[in-house]
Structure formats: C-alpha cells, structure tokens
2 protein chains.
Amino acid sequence: MEIEETKQEWSGKRLELIETAGQLFADFGVNGVSIRDIAEKCGVNVAAVNYYFGSKENLCMETLRYVAWQVRCPLTKKILEDHTIDYNSKDVCREIIKGLVEERVQNYLSDKYPMWYSKLFLRSLVEPPLRFENVVFQNFIPELNALVEVLSRCAPRNSREKCMFWAFSILGEISFYVFAEPGIKIALNLTEKYPPAFLQQLQEHIISLILKGLELKEEKNLYES
Amino acid sequence: MEIEETKQEWSGKRLELIETAGQLFADFGVNGVSIRDIAEKCGVNVAAVNYYFGSKENLCMETLRYVAWQVRCPLTKKILEDHTIDYNSKDVCREIIKGLVEERVQNYLSDKYPMWYSKLFLRSLVEPPLRFENVVFQNFIPELNALVEVLSRCAPRNSREKCMFWAFSILGEISFYVFAEPGIKIALNLTEKYPPAFLQQLQEHIISLILKGLELKEEKNLYES
DNA sequence: TAATAAATGAAACAATCGTTTGAATTAAAT
DNA sequence: ATTTAATTCAAACGATTGTTTCATTTATTA
C-alpha cells in the first residue's frame, strides 16, 4: 500500500516533469540543466517545478527515487528468501547467476526501460547533489550485499572478500556500458540504442566470464580446446 | 618536441589553475564548479582564469588534455610495435595481458596519480561540455582499438567481436572503481583512498578473470579443485 | 635605473540562475 | 449555477554566472 501511494505520486503532469527532468539530468548532470530547460521541453511554465516539487533539489531527489524504483533488481532478495534452493547443485547455481546477470542487463541496458533510468541511477553514486542521498543506501548497498551473499552460497570455496570482487565485476561490466555509452557508441559506430543481438552477446559474455571465474562453467567447456 | 612545448604550458600558475579546476571538475562536474570556486581554492583572482585561458571552456579542455596525457597507457602501442613477440607462447601472452591490466590499475587507481585524473578522463566519455572533444578520439578510441588488436593476437581463437567484449571488460572492471568510487567506498567502509593491498587483490582478480576467460590460465590452476 | 612587459586585483558588466508573486484560467465540488 | 480548489501563466525578484575593464603591482629587459 505504501507502494501504491508512491505510485500515485507518479502520474499526470508531475510524472511528466519527473520524466523530462530525469532524462536531462542523466545526460547533462543536475547542474547542467536549468528549470527553464525542463519547463520548455515539458511544455509547462517555469513555475510548474516549484509548484509541484517546491524546489529543484526536491525534483532532483524525486527523479532519483523514481528511477531507483523502476530499475530495482528484486531477484537477488527473492533468491535469498527462498530456503528450498540447493546450492550444492552446480546447475542450480549456474541458473541463479545467469538470472542475476540477465536481470541487470535487462533493467539497465535493454529497451525495457529508457537508458537514462540507469544512467541517472548510476549518477547517484557519483555526483552531488544526487549522491549520498538515502536512495543510494536503500538501494545500492543492500543490493550489493545481497549479491555478495548469493555469490558466496553459489561459490562457497571463494572467500567473502573474493565474492565482493565478483559482485563488483558483475556491476562494473554492465555499468560501463551505461555510463560510458556515448563514447562506446562512437567506438562501435552505433547511432541508435544497443541492438538486441549485441546485448544478447554481451549478456552471454558476462555470464560466461563470471561462471568461468567461479569455476561453475560446464565441464565440457573446461576441457575443449 | 611538440610534447616539450606542451609540457611547458603545464607549469606555474597556469598549471596550478589546471590542477585546481580539474580536481573540482572531476568531483562536481564542469557545470557544478564556478570560476569563483576555482579562483578561491587556487588563491588567485577571478580574472586569472580568463587571463590564462581566455574562457572557462578553454580551461575545461585544457584540464582534459592534461589528465589524458598524464594517465595515458602507452604499453599497448609499444607491444604492437614490437615485432619480436611470439604470440604462440602462452607464457608471453599471459605476461602481456598482466602488463595491460597492471598499467591501467596503476594509472587509474593507484596513488601514482591523483584519483581525479582518471575520474575527469572518464567524464570526457560521458558529459558535455567535455565529451566528444578531440581528446576522446585521440585517446580512448585508439587505445581501445590497440587493446582489441593485442587481445586478438594473444587469443586468436576468439573473434574480433569477442575481443572487443574482452577489451570492454578490462576497461569496465577498472573504470567502475573510478567513477563509482564514492558509493564503493561507502559500501566498503573506506574513508581514505583504496589501500595498496586492496588494489593488489583487485589487480590479481581482474588478471585472473581475463586469463580464465581467454583460456590462457595456467593448466595447473584449471584442474585443481 | 628607467622603460617595458607580465601578472594581479577590485569593481562592474550583461546574462542566466532558482524562486516568488499575484492574477488569470481551468477543474471540481456544492 | 455558484463557490471553491487546483492549476497555469507572465513578470519580476535577488543571487550567481562567465566575462570584461582598467588601474595597480610585480617582474623583466635595456
């Protein structure tokens, strides 16, 4: 119900302002976007921002809260709460890790959501006045810890420290394509969004990389030249 | 000699301004820093920026040119120009890849350079008015292509497309610790810079991850439980 | 030492920033 | 239909932005 209340606030002109502002914030940074830029692109008066949000900073935090909700990856916690999982089965562990990577590639890079959702979310780790907001502590750190816990269970021979590195590997591999998107697209001669076939290859690349690293790769592949 | 001329411009009050402005740009974004901020922190008059650089935008490009020079990774090209290398030797290939990763961990994350050098350099891939400057095309893309070429030679069984993914893996794994530094340090309870022991572990993690992925890992490790 | 160039400083420029005001308009409720 | 609330609008607020001016100081050269 708290969720329903939250979602109600994300409707109408208020939502339009969040979507417009968020996209601009993601591309140009909060300080690179003026309220007049937002108002013009959204087709509303400059006073609308202060009418709906009180201040630019409030709007800023709202855009962050919004995208953090949109791209959240709940699979990790769902796995941790499922006590029927047999982590002794390598097949099970493989599927779990495949799922973790897939969810993030899907939420961060595919056209399930606009790219600027994840781009703005990543900015919250970096840039004032976004960073150090509660939304970071309520999303990034818990999800990171959950990710480490799942990896620890799937690869018990690895220390918790090692699993932290693997968690950062998953996040880093994917995040790079988000935050460095403009440069990467130039390097790859892409004008539109990442093609689905490209994302499919990337997803398989990351899954294979993690599975090999955690010694969970199917044996047949280990020995083939 | 062109280099010498360039270096001469990086001295005195001019260099102090570049260093001061660059650090602020890296942390707060170009639009998040005013000329008065820079002047105050640098202990000079507000007119100094326009006296030495003509405009804020010129100063901005100069800071970028400066850090791109500082953190450049010339090892890749040096390898490509060395025609005595035997890429049939797995030992040689292993050492090459170790070197490539080490150079980047050293230049981007260690205390060889201030962290904001690499942070600002990464911003050039993302954020106007830094992005799409010539320095990106003259550094990021050539180094990326060189990296792909070296990986192709070391792992000839992988397609060029695959090697591109591996190159992005190396860059992504390391870059994540640069651009997401504030969030990561909170997650890891770090107040200072990344400890040398941590970077050593990270470096070994990435090298191992890439070598396993490219099937270059020493056989003894492949079979040990 | 005198003359010249380089560097610095206080003050102000127009432009833009986030924000506020209060009237005009639209929608909802009685 | 009338009242009330919600929304939109043009205009202006003071503060801050990047930049310029010009006098002053410092350093260099003749």
Side-chain angles (χ1 to χ4, degrees), chain A residues 5 7-66 120 123 127-131 133, chain B residues 5-66 120 123-124 127-131 133:
Chain A
E5 283 184 334
K7 281 196 171 177
Q8 281 182 345
E9 297 174 14
W10 295 336
S11 60
K13 272 269 178 296
R14 206 184 123 94
L15 176 59
E16 280 184 48
L17 276 167
I18 291 177
E19 288 265 347
T20 308
Q23 181 163 12
L24 291 172
F25 289 161
D27 283 337
F28 303 99
V30 176
N31 290 314
V33 179
S34 72
I35 287 186
R36 284 170 180 81
D37 292 333
I38 300 167
E40 187 181 4
K41 185 166 184 182
C42 197
V44 300
N45 191 268
V46 284
V49 165
N50 285 278
Y51 176 74
Y52 282 103
F53 300 93
S55 70
K56 185 189 182 183
E57 196 182 338
N58 281 351
L59 167 59
C60 181
M61 292 195 298
E62 270 300 292
T63 60
L64 187 53
R65 211 166 62 90
Y66 174 70
L120 183 61
R123 266 192 197 274
E127 194 151 321
L130 287 170
R131 80 176 179 190
E133 293 299 336
Chain B
E5 284 183 333
T6 297
K7 278 195 171 178
Q8 281 180 344
E9 298 173 13
W10 295 335
S11 60
K13 272 272 179 294
R14 205 184 124 94
L15 177 58
E16 280 185 47
L17 276 167
I18 291 176
E19 288 265 348
T20 308
Q23 181 162 14
L24 291 172
F25 289 161
D27 283 336
F28 303 99
V30 177
N31 290 313
V33 180
S34 72
I35 288 186
R36 284 169 180 83
D37 293 334
I38 300 167
E40 186 181 4
K41 185 166 183 181
C42 197
V44 300
N45 191 269
V46 284
V49 165
N50 285 277
Y51 175 75
Y52 282 103
F53 300 92
S55 69
K56 184 188 181 183
E57 195 182 340
N58 281 352
L59 167 59
C60 182
M61 293 194 299
E62 270 300 291
T63 60
L64 187 53
R65 210 167 62 89
Y66 174 71
L120 183 61
R123 265 192 198 273
S124 70
E127 195 152 321
L130 288 170
R131 79 174 181 192
E133 294 298 338

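The chains referred to below are lettered A, B, ... by the order of the sequence lines, with proteins before strands, and numbering in each begins at 1.
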What is the distance, rounded to the nearest whole Å, between atom [atom1] of [X] and atom [atom2] of [N]?
X: B:R14; N: C:dA6; atom1: CZ; atom2: C1'; value: 15 Å
X: A:E40; N: C:dC17; atom1: CD; atom2: C1'; value: 15 Å
X: A:L24; N: C:dC17; atom1: CG; atom2: P; value: 13 Å
X: B:L59; N: D:dT17; atom1: CG; atom2: P; value: 15 Å
X: A:N50; N: D:dA11; atom1: CG; atom2: C1'; value: 15 Å
X: A:I35; N: C:dA15; atom1: CD1; atom2: C1'; value: 17 Å
X: A:L17; N: D:dT7; atom1: CG; atom2: P; value: 12 Å
X: A:I38; N: C:dT19; atom1: CD1; atom2: P; value: 10 Å

- Task: List the steps, then state whether side-chain contact (heavy atoms from CB on, under 4.5 Å) holds for A:L64 with A:F25.
- Result: CA-CA 10 Å; A:L64 187 53; A:F25 289 161; over 6 Å; no
- Main-chain N/O of B:L17 paired to B:T20 side chain as donor or acceptor, under 3.5 Å: no
- Query: Got a donor-acceptor contact below 3.5 angstrom from the A:R14 side chain to the A:E9 backbone?
  - Reply: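 Checking the backbone N and O of A:E9 against the side chain of A:R14, a donor-acceptor pair under 3.5 Å is found.
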- Query: Mapping A:G54 and A:D37 onto DNA chain C by nearest heavy atom, which one lands closer to the 5' end?
  - Reply: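 The residue closer to the strand's 5' end, by nearest nucleotide, is A:D37.
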- Task: Answer with base, sugar-phosphate or nothing: what part of the nucleic acid does B:Y52 contact at a heavy-atom distance below 4.0 Å?
- Result: sugar-phosphate
- Query: side-chain contact (heavy atoms from CB on, under 4.5 Å) between B:D27 and B:V33: does it pass, once the steps are laid out?
  - Reply: CA-CA 9 Å; B:D27 283 336; B:V33 180; over 6 Å; no
Candidates [options] - which lies nearest the side chain of [X]:
X: A:N45; options: C:dG9, C:dT8, D:dC9; result: D:dC9
X: B:K56; options: C:dT8, D:dT19, C:dT19; result: D:dT19
X: B:R36; options: C:dG9, C:dC17, C:dA12; result: C:dA12
X: B:S34; options: D:dT21, D:dT17, D:dA10; result: D:dT17

- Would you please test B:T63 and B:V30 for side-chain contact (heavy atoms from CB on, under 4.5 Å) and show each step? CA-CA 11 Å; B:T63 60; B:V30 177; over 6 Å; no
- Item | Comparing A:Y51 and B:V46 on DNA chain D - which has the more 5′ nearest nucleotide | A:Y51
